Amino acid sequence: MEWETVIGLEVHVQLATNSKIFSGASTAFGAEPNTQACAIDLAMPGTLPVVNVQAFRYAVMFGLAIDAEISKRSYFERKNYFYPDLPKGYQTTQLDQPIVGAGHIDIELDDGSTKRIRIHHAHLEEDAGKSLHEGDFGEMGQGMTGIDLNRAGTPLIEIVSEPDMSTSSEAVAFAKKLHSIVTSLGICDGEMSQGSMRFDVNISVRPKGQQELGTRTETKNLNSYKFMEEAIALEVERQIDTIEDGGKIIQQTRLYNADTKTARSMRSKDDVNDYRYFSCPDLLTVALDVAFIEQIRKRLPV
């Protein structure tokens with residue numbers, strides 16, 4: 001049987017603001033662990049977040065650059081889940097009314113032709129902290145895991161594509177074009193080795209010619225084009241082998257290990273309802289007027 005692959009990307013882009021999305025704490029890279037996480041980033045009792053206007057400017061810049069709809073009104077929700085590097089127990093993000101709506105990015109294929117990749121939306125949110133495992137501590141830290149919360153609260157835009165890609169080369173071309181856009185705009189430094197851009201790849205397979213999508217998996221936190229190609233090839237092969245052997249694909253989140261060139265299941269893939277989204281009670285709806293958006297449009301690089 002002939003198979004075809006369907007790929008969509010979710011890309012986390014750290015915005016190049018000097019301070020975090022809801023606090024005045026620094027976003028500078030490389031500081032000593034846990035020296036740049038303030039009480040607001042940790043949602044300590046009695047604290048209230050304040051929106052960083054520059055994060056909205058950068059998000060609008062990106063939206064205009066991809067010919068997307070810009071929401072005049074957007075608001076934040078709480079996405080509730082527990083993870084050790086998420087100190088609040090929830091992530092402040094956007095779901096129902098993201099700042100950037102539908103847009104598109106054109107990529108050049110290997111044969112010189114052009115393909116349009118649709119952007120479903122891009123939303124603002126705060127980053128989580130970072131888990132440091134035993135390899136990060138040297139010999140003294142064998143068997144230990146630590147948490148660095150410096151990154152917690154750093155502003156992100158999460159860019160969600162439609163499942164319009166069918167090969168790893170198309171996915172890499174899209175990722176490279178996206179990298180070029182955000183760095184040219186100056187809204188992100190593009191340092192993938194530092195986590196400034198991280199790619200989650202949604203992959204499914206289906207018999208050639210079938211219109212219905214197969215069950216997808218999500219391989220998270222890829223930070224190089226090479227790793228993306230390797231992870232896609234590995235997951236496509238795994239899914240095809242599983243189906244042809246009579247098995248079923250389970251919707252799940254997976255992690256790719258670039259050192260061993262292997263992948264493993266991280267957890268079953270959650271549905272939206274599992275996160276118990278609700279409007280953030282500490283943040284008002286943000287209203288953007290036409291003059292604000294047009295002022296940003298005039299400053300875009302030609």
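Quick caveat: nothing in here was measured; it's all calculated off a predicted structure.
- Counted within 6.0 Å of CD on Glu32, heavy atoms from surrounding residues, nucleotides or ligands total 12 or fewer; the atom is thus considered open.
- No more than 12 heavy atoms of other residues, nucleotides or ligands lie within 6.0 Å of OH in Tyr83, so this atom counts as exposed by the packing criterion.
- If you take CG on Leu95 and CZ on Phe278, they are separated by 13.0 Å, rounding to the nearest 0.5 Å.
- A centroid separation of less than 6.0 Å is found between the aromatic rings of Phe76 and Phe22.
- More than 12 heavy-atom neighbours from other residues, nucleotides or ligands sit within 6.0 angstrom of CG on Asp241.
- Checking each of Asp41, Thr27, Thr154, Asp127 against Lys20 for a side chain to side chain donor-acceptor pair (under 3.5 Å) leaves exactly one that passes, namely Asp41.
- More than 12 heavy atoms of other shown residues, nucleotides or ligands fall within 6.0 angstrom of atom CG in Leu300.
- When the shell of 6.0 Å around CE of Met44 is examined, it contains 12 or fewer heavy atoms from other residues, nucleotides or ligands.
- Taking the six-membered ring where tryptophan is involved, the planes of Tyr256 and Phe227 are tilted, since the angle between them lies from 30° to 60°.
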List the atom pairs, donor and acceptor, that lie under 3.5 Å between side-chain atoms in residues 97-108 and the rest of the protein, sequence neighbours left out.
unit_1: His104; atom_1: NE2; unit_2: Arg116; atom_2: NH2; d: 3.3
unit_1: Asp106; atom_1: OD1; unit_2: Arg116; atom_2: NE; d: 2.8
unit_1: Asp106; atom_1: OD2; unit_2: Arg116; atom_2: NH2; d: 3.0

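- With respect to Arg238 and Glu235, a salt bridge is recorded, a charged nitrogen being found less than 4.0 Å from a carboxylate O.
- With values rounded to the nearest 0.5 angstrom, Leu109 atom CG is found 7.5 Å from Thr167 atom OG1.
- Below 30°, between 30° and 60°, or above 60°: for Tyr275 and Tyr277 the angle between ring planes is above 60°, a perpendicular geometry.
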For the pair Asp85 and Lys130, evaluate salt bridge (charged side-chain N to carboxylate O under 4.0 Å, His left out) and give the outcome as yes or no after the intermediate values. CA-CA 6 Å; Asp85 56 17; Lys130 183 178 181 181; over 6 Å; no
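- Glu125 and Thr93 are linked by a side-chain donor-acceptor pair at a separation below 3.5 angstrom, with hydrogens and angles left out of the test.
- Within the cation-pi definition used here (under 6.0 Å to the ring centroid, within 45° of the axis), Lys176 qualifies as a partner of Tyr225.
- A salt bridge does not link Arg254 to Glu218: none of the charged side-chain nitrogens sits closer than 4.0 Å to a carboxylate oxygen.
- Between Glu294 and Lys298, no side-chain nitrogen of the basic residue sits less than 4.0 Å from a carboxylate oxygen of the acidic one, so the salt-bridge criterion is not met.
- At a threshold of 4.0 Å, the pair Asp282-Arg78 counts as salt-bridged, since one of the basic side-chain nitrogens sits closer than that to a carboxylate oxygen.
- Atom CG of Asp96 has more than 12 neighbouring heavy atoms from other residues, nucleotides or ligands inside a 6.0 Å radius.
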For Trp3 and Gln239: C-alpha separation, side-chain torsions, deciding distance, then whether side-chain hydrogen bond (donor to acceptor under 3.5 Å, both in side chains) applies. CA-CA 10 Å; Trp3 298 89; Gln239 290 192 21; over 6 Å; no
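- Atom NZ of Lys88 has more than 12 neighbouring heavy atoms from other residues, nucleotides or ligands inside a 6.0 Å radius.
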